[in-house]
Amino acid sequence: MTSLEAARELLSEFPVVDGHNDLPWALRAQVRYDLDARDIAEDQSAHLHTDIPRLRAGGVGAQYWSVYVRTDSPDPVAATLEQIDCVRQLLTRHPGDLRPALTAADMEAARGEGRIASLMGAEGGHSIANSLGTLRGLYGLGVRYMTLTHNDNVDWADSATDEPKAGGLTAFGREVVREMNRLGMLVDLSHVAATTMRDALDAGSAPVIFSHSSARAVCDHPRNVPDDVLERLPANGGMAMVTFVPKFVLQAAVDWTAAADENMRAHGFHHLDTTPEAMKVHHAFEERHPRPVATVATVADHLDHMREAAGIDHVGIGGDYDGTAFTPDGLADVSGYPNLLAELLDRGWSKADLAKLTWKNAVRVLDAAQDVARGLQATRPPSNATIESLDG
């Protein structure tokens, strides 16, 4: 049996839990949620990284769908609700393939039924507009993690890619973490500054996740996780889910991306814009300046390091598909996960290790966070603190 065959066999039993997929945003940006125009029951490889046939081919058994909205959205709460509605529409349209999931038990039930457990994660604390009541509302609608920031700071937390302002978390930021713990909503530390990571670990009592981040020691990008933080995950119980975005995993791509982003801005586009018009500008730049190409081995290098720093019980996968313009060779879309597992098998990862990487760790972390929440809810009422009362 080849390594690729062995990888596919393993995925049939322990499929991938992917921590982050931006399909809802792609559907919003491309067709304003016209799900007939982007019917994911059919091949959408001309437009998207994600559709049901390729999820099946990739061995995906659970997906956290990102309900991301831009930080400059005029009404981020309403936009987030529209993103949640998009996920709900997808679940209604494809009940034979996608199963709503709110708990670890739901994830296991979906695996038993051969359906893809569908969870949601809000990407950026701007989605709650400084309101703990809104945070609870998102949880009630099914959101099971929140990334504390996106690329820009929020009033109560510093982002990895913005100028430091809070020095990590403010007092209200720490209260957000505690309220997330009380709810059972995972605290996602992708995108946040290293100071915010450390503050969140100090403030919280439940496992955290990094839904789509890689190792800073392997690629020195501020979106990645420093070793001292990875080393705290065993005591915390959380996990870091490796991302595939070339500019976060390959140092040469970091430098190229800085130049490409500047080119996008010079042409009047946001550097994260993936509309057809923006992509024409991207591709023209790439023709003039060929981009460095990440590979499956590049991603595996990060996982080797993350396993060494955090331990096998604290690693996972968060590809960031449909949230990035470029992907590594061999990981072009959601069908590529078997290629990564085959590479890891060739590097000596055991099948037991891979079962933790793909399925077991993510299920355990959500279950543990919800167990912490049950204890907190027995002793602590909902917090009605405001940013004004805590931060002045």
Side-chain angles (χ1 to χ4, degrees), residues 1-21 43 45 48-64 107 111 114 116-117 210-215 218-219 224 239-253 292-324 326-363:
M1 182 184 294
T2 67
S3 297
L4 187 58
E5 289 168 339
R8 288 184 172 134
E9 182 179 89
L10 183 137
L11 286 168
S12 68
E13 184 176 2
F14 296 106
V16 168
V17 180
D18 183 279
H20 194 89
N21 183 301
D43 178 19
S45 55
L48 300 167
H49 293 144
T50 309
D51 52 50
I52 289 170
R54 284 181 290 167
L55 287 167
R56 295 296 197 180
V60 176
Q63 180 66 65
Y64 279 95
M107 295 170 75
R111 181 168 70 122
I116 299 166
F210 292 83
S211 67
H212 58 307
S213 295
S214 295
V218 179
C219 180
N224 289 335
M239 65 185 297
M241 307 174 90
V242 72
T243 196
F244 301 165
V245 180
K247 65 182 179 180
F248 302 150
V249 297
L250 184 65
Q251 192 63 51
V293 178
T295 66
V296 172
T298 310
V299 176
D301 289 344
H302 283 266
L303 279 171
D304 278 343
H305 182 83
M306 291 159 74
R307 180 178 65 164
E308 180 179 349
I312 188 57
D313 294 317
H314 306 283
V315 292
I317 296 172
D320 202 11
Y321 285 117
D322 284 306
T324 178
F326 304 111
T327 54
D329 277 1
L331 294 168
D333 55 43
V334 295
S335 68
Y337 302 101
N339 297 328
L340 177 59
L341 267 62
E343 173 71 20
L344 295 172
L345 283 168
D346 288 341
R347 294 180 179 215
W349 285 52
S350 69
K351 291 183 178 180
D353 288 347
L354 293 178
K356 290 182 176 183
L357 173 74
T358 58
W359 182 263
K360 290 184 175 182
N361 289 346
V363 174

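Side chains are part of it too, since the values below use all heavy atoms of this structure and drop only hydrogens, waters and symmetry mates.
- When side chains are defined from C-beta on, Asp18 does not count as touching Val334, because their heavy atoms never get closer than 4.5 Å.
- Between Met241 and Ala362, the shortest heavy-atom distance links the atoms CE-CB, 4.5 Å.
- Using a 4.5 Å heavy-atom threshold, the side chains of Thr298 and Pro328 count as separate.
- In terms of heavy atoms, Ala215 sits closest to His302 at N-ND1, 3.1 Å.
- Looking at Val296 and Asp329, their side chains never come closer than 4.5 Å, going by heavy atoms from C-beta outward.
- From Met306, atom CE reaches atom NE2 of His314 across 12.0 Å, with rounding to the nearest 0.5 Å.
- By the 4.5 Å heavy-atom criterion applied to side chains, Phe244 and Leu340 are counted as neighbours.
- Counting heavy atoms from C-beta on, the side chains of Val17 and Ile317 never come closer than 4.5 Å.
- Val245 is not listed as a side-chain neighbour of His212, based on a closest heavy-atom distance of 4.5 Å or more.
- Between Asp313 atom CG and Leu357 atom CG the span is 11.5 Å, to the nearest 0.5 Å.
- Judged by distance alone, with hydrogens and angles left aside, the side-chain atoms of Thr358 form a donor-acceptor pair with the main-chain N or O of Phe14 at under 3.5 Å.
- Between the side chain of Ser214 and the backbone N or O of Val242 there is no donor-acceptor pair closer than 3.5 Å.
- No donor-acceptor pair under 3.5 Å is formed between the side chain of Arg8 and the backbone N or O of Gly59.
- Ile116 contributes atom CD1, which lies 4.5 Å from atom CG of Leu55 (distance to the nearest 0.5 angstrom).
- Checking side-chain atoms of Asn224 against main-chain N and O of Cys219 turns up a donor-acceptor pair under 3.5 Å.
- Heavy-atom contacts from other residues, nucleotides or ligands closer than 6.0 Å to CD of Glu308 number 12 or fewer.
- When all heavy atoms of Ala252 and Pro292 are compared, the closest pair comes out as O-CG, 3.5 Å.
- Thr243 and Asp320 are not linked by any side-chain donor-acceptor pair at a separation below 3.5 angstrom, with hydrogens and angles left out of the test.
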Going through the distances and angles, do Val16 and Leu11 end up as a side chain to side chain contact (heavy atoms under 4.5 Å, CB included)? CA-CA 7 Å; Val16 168; Leu11 286 168; 3.6 Å; yes
Derivation and outcome, side chain to side chain contact (heavy atoms under 4.5 Å, CB included), residues Met107 and Trp359: CA-CA 10 Å; Met107 295 170 75; Trp359 182 263; 4.1 Å; yes
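- Across all non-hydrogen atoms, the minimal contact from Gly19 to Tyr64 is O-CB, 3.3 Å.
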For a side chain to side chain contact (heavy atoms under 4.5 Å, CB included) check, start with the C-alpha distance between Val299 and Glu343, then their side-chain angles and the critical distance, and finish with the verdict. CA-CA 10 Å; Val299 176; Glu343 173 71 20; over 6 Å; no
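- Contact detail for Met239 and Val315: the closest heavy-atom pair is CE-O, 3.4 Å.
- Rounding to the nearest 0.5 Å gives a distance of 7.5 Å between CG of Leu354 and CD1 of Ile312.
- Between Asp333 and Tyr321, the closest heavy-atom pair is O-OH, 3.0 Å.
- Looking at Arg347 and Asp301, their side chains come closer than 4.5 Å, going by heavy atoms from C-beta outward.
- Atom-to-atom distance recorded for Asp346:CG and Leu341:CG is 11.0 Å, nearest 0.5 angstrom.
- Here the CD-OG1 distance, from Glu9 to Thr2, works out to 10.5 Å after rounding to the nearest 0.5 Å.
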Could you please spell out the steps behind the side chain to side chain contact (heavy atoms under 4.5 Å, CB included) verdict for Val60 and Asn21? CA-CA 12 Å; Val60 176; Asn21 183 301; over 6 Å; no
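- Using a distance-only test at 3.5 Å, with no hydrogens or angles considered, no donor-acceptor pair links the side chain of Asp322 to the main chain of Leu48.
- For the pair Thr50/Gln63, no side-chain contact is recorded, criterion being any heavy-atom separation below 4.5 Å from C-beta on.
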